[in-house]
Amino acid sequence: MKKREIHIVGNWKMNQTLHEISDFFIEMSKMKMELKCKAWIAPQALHIPILKEIAFTTGSIQIGAQNCCEFDSGAFTGEISPLALADIGAEFVIIGHSERRTIYKEDNELLNKKVLAALKHNLKVIYCVGETLAEREADQTFAVLEKQMLVGLKNIPADKAHLLLIAYEPVWAIGTGKTATAEQAEEAHAFIRGKLAVNSESTVILYGGSVKPDNIDSLLSKENIDGALVGGASLKASDFRQLCSSASVVSR
Ligand code: PGA
């Protein structure tokens with residue numbers, strides 16, 4: 001059976017100036033580490049070509065996007081085309097982040113179109129799922145996750161399923177400093193793995209929500225947690241590096 005590689009994915013959201021990006025990579029290159037995990041960064045879309053160039057010279061970090069449109073081209077002012085992302089060499093795209101779901105009202109049906117559009121261009125897709133605090137308290141966590149999976153991932157062609165990763169991000173843990181316990185996360189990850197129609201054992205499932213160097217080890221000690229999608233702590237080179245070091249000693 002194919003092993004699942006551990007991934008640390010930095011979601012930079014709408015942060016980092018050119019100056020800060022340059023400082024980040026200068027810091028990273030000073031740290032000279034041997035990466036045994038996959039290290040990915042999703043900067044603002046405008047910065048993807050710049051990061052691709054820097055990452056090429058520093059080696060081994062893959063660069064992707066935080067969102068894409070469900071269409072390839074046309075009259076969609078301000079959108080990010082998946083075709084253009086593939087064209088500039090982006091490796092992956094995050095789809096369905098809770099900030100897209102809540103602030104921009106993206107629903108499971110729309111997200112499904114985006115997933116299919118990205119896969120068509122062979123972009124790897126990190127599809128995000130997760131419940132709000134109210135849903136957890138109402139005992140709706142599994143029902144919400146199931147719907148997000150069923151609708152968001154329908155009609156994926158069998159020959160593209162290997163390009164899919166899932167991120168479980170409980171909304172109440174994002175940017176709040178409240179991490180799900182490793183046990184809560186593992187329970188959700190096992191549920192999600194059980195709902196995957198194909199490649200269930202080989203699909204990478206990341207945890208996201210206030211991941212930091214001091215909680216990554218306990219999360220990665222769980223069998224179904226194959227890495228992390230990291231916001232705040234991915235902006236600092238020293239934290240990002242530490243997360244990658246922790247991930248480099250884990251194997252599935
Ligand atoms: P956080 O963000 O690590 O800052 O909680 C995670 C995310 O939004 O992907």
Side-chain angles (χ1 to χ4, degrees), residues 6-16 20 24 37-45 47-48 51 61-68 80 90-106 111 114-115 118 123-133 135-136 141 144-145 148-149 152 164-182 184-186 188-189 192 204-220 222 225-247:
I6 306 296
H7 289 58
I8 298 294
V9 183
N11 172 13
W12 280 3
K13 309 192 182 186
M14 205 168 71
N15 294 302
Q16 307 286 60
E20 287 163 340
F24 180 94
C37 67
K38 294 274 186 196
W40 294 4
I41 292 178
Q44 302 187 55
H47 291 153
I48 292 173
L51 261 84
I61 295 182
Q62 297 192 357
I63 309 302
Q66 301 169 11
N67 173 37
C68 74
I80 302 165
E91 317 263 359
F92 69 93
V93 55
I94 299 169
I95 292 180
H97 189 279
S98 75
E99 286 147 22
R100 302 295 315 175
R101 289 178 184 268
T102 50
I103 305 170
Y104 298 99
K105 310 280 179 256
E106 297 187 358
L111 295 171
K114 294 187 173 209
V115 168
L123 291 162
K124 294 182 192 108
V125 167
I126 301 176
Y127 178 65
C128 302
V129 295
E131 80 287 359
T132 62
L133 186 58
E135 288 162 344
R136 175 162 281 267
T141 299
V144 169
L145 295 178
Q148 290 171 334
M149 299 280 295
L164 181 72
L165 297 82
I166 309 287
Y168 169 61
E169 298 205 305
V171 180
W172 48 272
I174 296 177
T176 57
K178 278 189 205 159
T179 332
T181 63
Q184 282 171 321
E186 172 65 8
H189 281 227
I192 290 165
V204 165
I205 307 178
L206 310 173
Y207 169 79
S210 299
V211 173
K212 309 228 161 20
D214 63 8
N215 58 26
I216 186 76
D217 293 331
S218 78
L219 290 161
L220 290 181
K222 299 293 180 193
I225 302 180
D226 308 318
L229 179 55
V230 189
S234 71
L235 295 169
K236 265 179 66 189
S238 56
D239 283 354
F240 188 69
R241 190 204 77 115
Q242 230 180 304
L243 293 170
C244 292
S245 308
S246 292

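Values reported hereafter were calculated over all heavy atoms of this structure, with side chains retained and with hydrogens, waters and symmetry mates removed. When a ligand or atom number is given, it counts from 1 through the structure's own listing order.
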Exercise. Pick whichever of Glu169, Gln66, His97 has a heavy atom sitting closest to atom 8 (O) of ligand 1.
Key: His97

Practice problem: Identify the residue among Leu206, Asp239, Leu229, Leu219 that makes a side chain to side chain contact (heavy atoms under 4.5 Å, CB included) with Val211. | Solution: Leu219

Exercise. Count the heavy atoms belonging to other residues, nucleotides or ligands that lie under 6.0 Å from NZ of Lys124, then report whether that count exceeds 12.
Key: yes

Practice problem: Start with the C-alpha distance between Thr132 and Thr102, add both sets of side-chain angles, then the distance that settles side chain to side chain contact (heavy atoms under 4.5 Å, CB included), and finish with yes or no. | Solution: CA-CA 10 Å; Thr132 62; Thr102 50; 5.7 Å; no

Quiz item: Looking at ligand 1, does Ser210 have a heavy atom less than 4.0 Å from it?
Solution: yes

Quiz item: Under 3.5 Å, is there a donor-acceptor pair linking the side chains of Glu169 and His97?
Solution: yes

Quiz item: Is the backbone N or O of Thr141 less than 3.5 Å from a side-chain atom of Arg136, with the two atoms forming a donor-acceptor pair by type?
Solution: no

Exercise. Check whether any N or O atom of Ala233, backbone or side chain, sits under 3.5 Å from an N or O atom of ligand 1, and answer yes or no.
Key: no

Quiz item: Applying a 4.0 Å heavy-atom criterion (strictly less than), which segment of Asn11 is in contact with ligand 1: side chain, backbone, both, or neither?
Solution: side chain

Practice problem: List every atom of ligand 1 that sits less than 4.0 Å from any heavy atom of Gly175, numbering the atoms from 1 in the order shown and giving each element. | Solution: 1 (P), 4 (O), 5 (O)

Quiz item: Among all protein non-hydrogen atoms, which one is nearest to atom 4 (O) of ligand 1, and what is the separation to 0.1 Å?
Solution: Gly232 N, 2.9 Å

Exercise. Under 4.0 Å, heavy atoms only, figure out whether ligand 1 is touched by the backbone of Cys128, its side chain, both or neither.
Key: neither

Exercise. Answer with yes or no whether Ala173 contacts ligand 1, where contact means a heavy atom under 4.0 Å from a ligand atom.
Key: yes

Quiz item: Of all the heavy atoms in Gly209, does at least one lie under 4.0 Å from an atom in ligand 1?
Solution: yes

Quiz item: Taking distance alone, with no angle check, do Lys13 and ligand 1 share an N/O pair under 3.5 Å?
Solution: yes

Exercise. Report the C-alpha distance between Tyr127 and Leu111 in whole Å, list the side-chain angles of each, state the deciding distance to 0.1 Å, and finish with yes or no for side chain to side chain contact (heavy atoms under 4.5 Å, CB included).
Key: CA-CA 9 Å; Tyr127 178 65; Leu111 295 171; 4.1 Å; yes

Practice problem: Give yes or no for whether the N/O distance cutoff of 3.5 Å, strictly under, is met between Gly231 and ligand 1. | Solution: yes

Quiz item: Any idea how His189 and Tyr168 line up, ring-wise: parallel (<30°), tilted (30 to 60°), or perpendicular (>60°)?
Solution: perpendicular

Quiz item: Nearest 0.5 Å, what's the CG-CZ distance between Leu235 and Phe24?
Solution: 8.0 Å

